[in-house]
Amino acid sequence: MGLGREEEIEIHKPPRFMPGERVCATRHIKNDGTYPGKEIGEGLVRKGDAGFVRDVGTFLQQFYIYAVEWIDRGNVVGMRARELRSLEEASTRKSTECATGVNEGKPR
């Protein structure tokens, strides 16, 4: 009998992103009930939003959680590595999904 969906233990490797690194969201993120002051299902981050990693923590001694400050949105959201892409790497090679400057400094 299997355990279902097994995932790699990320914390056996160094974090993929470091504090101060510029990143963008690779998918829309909604409140799952863990973000205070917002309704469940309310959007927190949109795909393509640019932000900065403020801190790196762990969850369940298995995953890295990146506290990302989304400047345009005025919030900090805990994100998994699969939900982020480095804009510092993207600046050296072209990326269509997370282009430099997407949703940065533009009014909504």
Side-chain angles (χ1 to χ4, degrees):
M1 184 174 211
L3 296 175
R5 198 171 119 185
E6 292 186 32
E7 294 191 42
E8 176 184 3
I9 298 177
E10 290 178 12
I11 65 171
H12 288 166
K13 298 177 184 176
R16 194 176 308 168
F17 308 103
M18 299 306 291
E21 188 169 348
R22 198 161 159 249
V23 295
C24 76
T26 60
R27 55 183 79 175
H28 298 298
I29 303 298
K30 294 181 180 180
N31 184 13
D32 61 359
T34 59
Y35 195 90
K38 302 276 187 178
E39 293 293 323
I40 294 175
E42 188 174 343
L44 300 174
V45 179
R46 294 193 50 83
K47 182 178 180 178
D49 281 353
F52 292 91
V53 176
R54 286 183 61 183
D55 195 16
V56 180
T58 60
F59 180 68
L60 297 176
Q61 299 178 352
Q62 185 173 2
F63 307 110
Y64 285 113
I65 300 296
Y66 302 91
V68 180
E69 182 171 5
W70 304 99
I71 306 289
D72 290 348
R73 295 191 170 275
N75 61 9
V76 177
V77 178
M79 308 278 289
R80 295 277 310 272
R82 66 181 180 219
E83 299 167 332
L84 299 169
R85 175 167 289 150
S86 176
L87 284 175
E88 293 172 11
E89 291 175 7
S91 65
T92 59
R93 59 182 168 76
K94 296 290 181 186
S95 172
T96 57
E97 188 172 313
C98 294
T100 302
V102 172
N103 294 339
E104 186 175 32
K106 297 177 185 172
R108 299 212 182 285

Fill in the blank from the handout: dist M18:CE -> D55:CG (nearest 0.5 Å) comes out at 10.0 Å
Practice task
Check whether any side-chain N or O of E10 sits under 3.5 Å from a backbone N or O of Y64 as a donor-acceptor pair, and report yes or no.
Solution key: yes
Problem - Crowding at CZ, R80 (>12 non-hydrogen neighbours, <6.0 Å) - result: yes
Practice task
State whether the number of non-hydrogen atoms from other residues, nucleotides or ligands found under 6.0 Å of E42 atom CD is greater than 12.
Solution key: yes
Problem - Whether F63 and F59 hold their rings parallel, tilted or perpendicular, with breakpoints at 30° and 60° - result: parallel
Handout entry: Donor-acceptor contact present, side-chain Y66 to main-chain P15, <3.5 Å
Key = no
Fill in the blank from the handout: Scanning both residues in full, the closest heavy-atom pair of I40 with G33 reads CG1-CA, 3.7 Å
Practice task
For residues C24 and G48, report the shortest heavy-atom separation together with the two atoms involved.
Solution key: CB-O, 4.2 Å
Fill in the blank from the handout: Taking every heavy atom of H28 against every heavy atom of K47, the minimum-distance pair comes out as ND1-N, 3.2 Å
Handout entry: Heavy-atom closest contact (I29 atom, M79 atom, distance)
Key = CG1-CE, 3.7 Å
Practice task
Give a yes or no on whether the backbone of R22 and the side-chain of E88 come within a donor-acceptor separation of less than 3.5 Å.
Solution key: yes
Problem - Nearest-0.5 Å distance, CG of residue L60 to CD1 of residue I9 - result: 11.0 Å
Handout entry: Shared hydrophobic cluster for V76 and I65 (ILVMFWY, side-chain gaps under 4.5 Å)
Key = no
Completion exercise
When every non-hydrogen atom of L44 is compared with those of R73, the smallest separation belongs to O-CD, 3.0 Å
Practice task
Supply the atom-to-atom distance L84 CG to R16 CZ, rounded to the nearest 0.5 angstrom.
Solution key: 9.0 Å
Completion exercise
For S86 and E21 the tightest heavy-atom approach is OG-OE2, 2.7 Å
Exercise for the section: Using modelled atom types only, decide if a donor and an acceptor are shared between the side chain of T26 and the backbone of E83 within a distance under 3.5 Å. Expected result: yes
Handout entry: V68 vs F17 side-chain heavy atoms within contact, under 4.5 Å
Key = no
